[in-house]
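Here is the structure we will look at.
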Amino acid sequence: MKDPTAPTTRKLAAGPAAGPDRCADDGFDAVEPDNLDSWTRSQDLLSEDDAEFMAEMLVERAHDAGLEIAQKNAADLDGRALGFDYAVTEQCQVYDECAAYTDAYGDAVVEIEYTDEAFDAACAARGGTIAVQRRDLDVSVPGTAGYESRFCD
């Protein structure tokens with residue numbers, strides 16, 4: 001675990017402090033924090049250790065608020081060991097990383113694909129085991145142009 005008094009650690013810890021509590025207060029059952037893989041594109045400002053620290057902190061805060069918490073992407077992290085309850089993955093079919101999630105979480109995975117080709121392949125591979133959803137890339141709301149949301153048959 002990172003030194004909680006280190007400057008980078010304090011900066012990381014300051015960001016999501018109220019998120020899980022606010023979600024619990026608003027009646028949500030779970031949260032799925034995004035960008036757990038920020039270290040991969042931070043130009044060395046963050047490390048994988050930073051990501052693990054942030055993940056552990058978010059898991060603790062979510063569970064303290066009575067919420068489940070999903071690992072969102074970041075297949076390189078051992079989310080189960082970090083305390084995540086399930087996974088939400090975007091484009092694991094495209095990036096060939098779905099097994100990282102299903103190996104860790106079994107059928108407690110929600111897979112989201114943004115193209116018909118990836119969706120069809122994911123449905124064929126895992127549609128009978130996990131929830132696979134086809135969404136539009138803009139994640140539009142119902143009734144707006146481009147909205148798409150469907151699950152495997």
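Everything numeric here is computed off the predicted structure, so don't read it as measured data.
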(request) Please determine, by modelled atom types, if Asn35 and Ser38 share a side-chain donor-acceptor pair under 3.5 angstrom. (result) no
(message) Under the disulfide (SG to SG under 2.5 Å) definition, can you give me all pairs with a residue in residues 42-92, not counting sequence neighbours?
(response) Cys92-Cys98
(message) For residues 113-153, which residue pairs pass the disulfide (SG to SG under 2.5 Å) check, not counting sequence neighbours?
(response) Cys123-Cys152
(message) So, taking the atom named CD in Glu90 and the one named CD in Glu97, what distance separates them when rounded to the nearest 0.5 Å?
(response) 10.5 Å
(request) Hey, could you give me the CG/CZ distance between Leu46 and Phe53, rounded to the nearest 0.5 Å? (result) 12.0 Å
Residues two or more places apart in sequence or in another chain: which of them pass side-chain contact (heavy atoms from CB on, under 4.5 Å) with [X]?
X: Asp64; answer: Glu60
X: Ala24; answer: Ala65, Leu67
X: Asp25; answer: none
X: Gln133; answer: Ile112, Arg135, Ser149, Phe151

(request) Can you run down the salt bridge (Lys or Arg N to Asp or Glu O under 4.0 Å) pairs that involve residues 117-134, sequence neighbours left out, and say none if there aren't any? (result) Glu111-Arg126, Asp116-Arg134, Arg134-Glu148
(request) Quick one: which residue pairs count as a salt bridge (Lys or Arg N to Asp or Glu O under 4.0 Å) with a foot in residues 98-107, not counting sequence neighbours? (result) none
(message) Does anything in residues 136-145 form a side-chain hydrogen bond (donor to acceptor under 3.5 Å, both in side chains)? List the pairs, not counting sequence neighbours.
(response) Asp136-Ser140
(request) Would you please name every residue forming a side-chain hydrogen bond (donor to acceptor under 3.5 Å, both in side chains) with Arg80, sequence neighbours left out? (result) none
(request) Could you list the residues that satisfy salt bridge (charged side-chain N to carboxylate O under 4.0 Å, His left out) with Glu113, not counting sequence neighbours? (result) none
(request) Would you indicate whether Tyr114, at its atom OH, is surrounded by more than 12 heavy atoms from other residues, nucleotides or ligands within a distance under 6.0 Å? (result) yes
(message) Could you report the tightest heavy-atom contact between Gly83 and Val59, atom names first, then the distance?
(response) O-CG1, 3.5 Å
(request) Report yes if the side chains of Val88 and Gln71 come closer than 4.5 Å at any heavy-atom pair, otherwise no. (result) no
(message) Other members of the hydrophobic cluster containing Val94, with the 4.5 Å side-chain heavy-atom rule, please.
(response) Tyr95
